[in-house]
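Comments concern the structure below.
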There are 2 protein chains.
Amino acid sequence: MSHHHLDFSQLIRAQGYRLTPQRQLVLDTLCAMSSHATACEIYDQVSAQMPALNQATVYRTLEFFVELRLIAKSDIGGQTVYELVGEQPHYHLVCRQCSHVAELAATQLADLADWLLVEHGFQADLDHVVIQGVCAGCRASSP
Amino acid sequence: MSHHHLDFSQLIRAQGYRLTPQRQLVLDTLCAMSSHATACEIYDQVSAQMPALNQATVYRTLEFFVELRLIAKSDIGGQTVYELVGEQPHYHLVCRQCSHVAELAATQLADLADWLLVEHGFQADLDHVVIQGVCAGCRASSP
DNA sequence: CAAATTATTGCAAAAATTCGCAATAGAGAA
DNA sequence: TTCTCTATTGCGAATTTTTGCAATAATTTG
Ligand SMILES: [Mn+2]
Ligand SMILES: [Mn+2]
Ligand SMILES: [Zn+2]
Ligand SMILES: [Zn+2]
C-alpha cells in the first residue's frame with residue numbers, strides 16, 4: 001500500500017487538491033480492507049485511528065475519491081459500497097435470488113468497451129461494473 | 001397505461017401480494033412521467049392525488065416494484081431514479097464530464113448477455129443498464 | 001355474511017447522507 | 001519565516017431514506 005502513496009499524492013496534487021491526513025487515512029483503510037466496504041464500516045475503522053475525524057468528512061472524502069476515479073462506488077445487494085480500483089479492473093455478477101457475488105476480470109468487457117467506442121464514440125468506464133441476474137446454481141434449482 | 005393494470009394486477013397477486021390503491025397510483029404516476037423520476041418527484045405527484053399517502057409508503061412501494069422487476073432503480077448523475085421497465089429495454093451512456101445522458105436500445109447488449117449465460121451460466125438482467133464514461137463530444141473537445 | 005388471517009399502511013422515531021458556514025491548515029509567494 | 005490565498009475540515013442542522021409497530025384493509029375461510 002505504501003508504494004501507492006506517492007502516485008496518489010501526485011495524482012491528487014496535480015489537480016490542485018491536497019492529500020490531507022484524513023484522506024490518507026481513508027485511503028489506507030480502503031487498502032487494508034479486503035473489498036467492498038460501506039461508508040459506516042470505513043468510518044468505524046478510520047475513527048479508531050483518528051477519533052476527531054468527522055463522519056461528514058468520510059462521506060466527502062469518499063465522494064472526492066470517486067470523482068477522481070481512485071475508488072469505485074457501487075450498489076451491491078442494496079448496500080452502497082466502496083472499493084479501491086485500478087490494479088485489478090473487474091466486474092461482479094450478483095445473484096438476485098441467493099445474493100451470491102462473483103468476481104471476474106474485466107478483460108471480457110473489452111469487446112463491449114470497444115464497441116461503444118467505435119459505434120458511439122463513447123469511452124466507457126468499465127473498471128468496476130455490477131451486473132444483476134440469476135446465478136447458475138439458482139437457475140439449476142428453480143427452472 | 002390502463003391496459004397494463006390487469007397484467008400488473010395478476011402478476012402481483014400471483015405472488016401473494018396486493019395491488020392496493022397506493023401502489024396503483026404510484027404505478028400510474030410512473031406511467032405518466034416521461035422517465036427517470038426521483039422518489040421525491042414521484043411523491044410530489046402522488047401526494048397531489050392522494051394527500052394521505054405517506055412518504056414511507058412511496059419508498060416501500062418503489063422498492064417493492066423494483067424487487068418484482070416492474071421498475072428499474074438506477075443511479076444517474078448522483079441521483080437515484082426510477083423508471084418503468086419492460087416495454088423498451090434500454091441502456092444509458094452517461095457522460096461524467098458534461099452529464100449528457102444517451103439512451104440506446106438494449107439489443108446491442110444481447111451479445112454480452114449471451115456470453116455471460118454460455119460462459120458462466122449467469123442470466124443477466126440487462127433491461128436497464130447505466131454505463132458511465134466520456135461522450136464523443138467531450139472526447140473531441142478535450143483530447 | 002362474520003370471523004380469521006395476513007399484507008399493507010400511516011406514523012413517529014431512527015439512521016443515513018448531505019449541506020452551510022466559520023475555523024483550520026496546507027501550499028506558494030515574498 | 002511570515003503573509004496570503006484557498007482547499008479542507010468539524011460542527012450542527014437539514015434532508016433523505018429506513019425501520020418498528022400498532023392500526024387498517026384486503027382476502028380467505030367457515
Ligand atoms: Mn469489486
Ligand atoms: Mn432509462
Ligand atoms: Zn444464486
Ligand atoms: Zn460529455
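The sequence lines fix the lettering, A, B, ..., with proteins before strands; numbering per chain opens at 1.
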| request: Please check the phosphate of D:dC11 (OP1 and OP2 only) for any side-chain N or O of A:Gln55 closer than 4.0 Å. | output: no
| task | Let me see the working for A:Tyr43 and A:Tyr59 under ring pair (Phe, Tyr, Trp, His ring centres under 6.0 Å), right down to the final yes or no. | result | CA-CA 9 Å; A:Tyr43 172 72; A:Tyr59 281 105; 8.5 Å; no
| query | Quick one: do B:Met33 and B:Leu27 end up in the same hydrophobic cluster if we chain Ile, Leu, Val, Met, Phe, Trp and Tyr together by side-chain heavy atoms under 4.5 Å apart? | reply | yes
| Atom-to-atom span, CZ of B:Phe65 to C1' of C:dA7 - whole angstrom | 14 Å
| said: Both B:Arg13 and B:Cys40 contact DNA chain D. Taking the nearest nucleotide for each, which residue is further toward the 5' end? | reply: B:Cys40
| Phosphate OP1/OP2 of C:dA25: any A:Arg18 side-chain N/O under 4.0 Å | no
| D:dA23 P sits how many Å from B:Gln22 CD, rounded? | 18 Å
| said: Any donor-acceptor pair, under 3.5 Å, between the side chain of B:Arg60 and the base of C:dG10, if you only look at N and O atoms? | reply: yes
| task | May I ask you to evaluate whether B:Thr57 reaches the phosphate of C:dT9, defined as a side-chain N or O under 4.0 Å from OP1 or OP2? | result | no
| query | Within this structure, what is the CG-to-C1' distance between B:Leu25 and D:dA25, rounded to whole angstrom? | reply | 17 Å
| query | Separation of B:Leu19 atom CG from D:dT27 atom C1', in whole Å? | reply | 14 Å
| Counting only side-chain N and O atoms of A:Thr20, is one of them less than 4.0 Å from OP1 or OP2 of D:dA7? | no
| query | Looking at A:Gln79, A:His92, A:Glu103, A:Glu41, which one forms a side chain to side chain donor-acceptor pair (under 3.5 Å) with A:His36? | reply | A:His92
| message | If you assign each of B:Gly78 and B:Met50 to its closest nucleotide in DNA chain C, which residue comes earlier from the 5' end? | response | B:Met50
| field | Salt-bridge contact A:Lys73-A:Glu63 (side-chain N to carboxylate O under 4.0 Å) | value | yes
| request: Let me know the distance between NZ of B:Lys73 and C1' of D:dT17, rounded to the nearest Å. | output: 9 Å
| Looking at A:Tyr59, does any N or O in its side chain come under 4.0 Å of the phosphate oxygens OP1/OP2 on C:dT17? | yes
| request: For the residue pair A:Glu83 and A:His90, confirm or rule out a side-chain donor-acceptor distance under 3.5 Å. | output: yes
| request: Round to the nearest Å and state the distance from A:Leu68 atom CG to D:dA7 atom C1'. | output: 14 Å
| Can you tell me how far C1' of D:dT8 sits from CD of A:Glu67, to the nearest Å? | 15 Å
| Using a cut-off of 4.0 Å on non-hydrogen atoms, how would the nucleic acid contact of A:Ala52 be classed: base, sugar-phosphate, or nothing? | sugar-phosphate
| said: What is the distance, to the nearest angstrom, from the OH atom on B:Tyr17 to the C1' atom on C:dT8? | reply: 12 Å
